[in-house]
Amino acid sequence: MTDLSLAEALELSGFRVVESFARFLPYTMVGKKPLPPFFLKLYLKMPFAWRFFGKQFLVIAEKPS
């Protein structure tokens, strides 16, 4: 799984993984007609929808001081 490899690489580089989502965003958020920002905000507030529409992963990491 690619997100695990990225998380491991970040940790080996001195970063701390805060959160990791295996399926977060669709491959593209751009269609023939751009969606209003309201739809993006709504999508981000419904994590259960990420499982069905998400294709890309998200890893949030921070560099400890």
Side-chain angles (χ1 to χ4, degrees):
M1 202 171 222
T2 308
D3 61 332
L4 291 178
S5 300
L6 178 61
E8 291 172 2
L10 286 168
E11 288 175 354
L12 289 172
S13 298
F15 288 85
R16 183 177 71 88
V17 174
V18 178
E19 287 188 86
S20 177
F21 301 100
R23 299 178 69 131
F24 180 66
L25 284 177
Y27 281 128
T28 181
M29 294 295 289
V30 179
K32 292 181 181 179
K33 295 168 71 175
L35 293 173
F38 167 77
F39 286 115
L40 178 60
K41 290 178 185 178
L42 182 64
Y43 177 77
L44 293 175
K45 290 182 181 183
M46 300 185 324
F48 66 88
W50 302 350
R51 183 177 316 124
F52 303 108
F53 299 107
K55 304 293 183 210
Q56 299 183 48
F57 64 90
L58 171 69
V59 177
I60 301 171
E62 64 184 9
K63 182 97 173 168
S65 8

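- The distance from atom CE of Met46 to atom CZ of Phe53, rounded to the nearest 0.5 Å, is 7.5 Å.
- With values rounded to the nearest 0.5 angstrom, Arg16 atom CZ is found 10.0 Å from Glu11 atom CD.
- Summarising the geometry of Ala61 relative to Phe15, their closest heavy-atom pair is CB-CB, 4.2 Å, with the distance given to 0.1 Å.
- Residue Lys63 holds its NZ atom at 10.0 Å from CG of Leu10, rounded to the nearest 0.5 Å.
- Rounded to the nearest 0.5 angstrom, Tyr43 OH and Phe38 CZ are separated by 15.5 Å.
- Residues Pro64 and Gly14 share a closest heavy-atom pair of CD-O, 3.1 Å.
- Leu12 and Ile60 are not part of a single hydrophobic cluster, where members link through side-chain heavy atoms under 4.5 Å apart.
- Here the closest heavy-atom approach between residue Lys55 and residue Arg23 is recorded as NZ-NH2, 3.3 Å.
- Using a 30° and 60° split on the angle between ring planes, Trp50 and Phe21 fall in the perpendicular class, above 60°.
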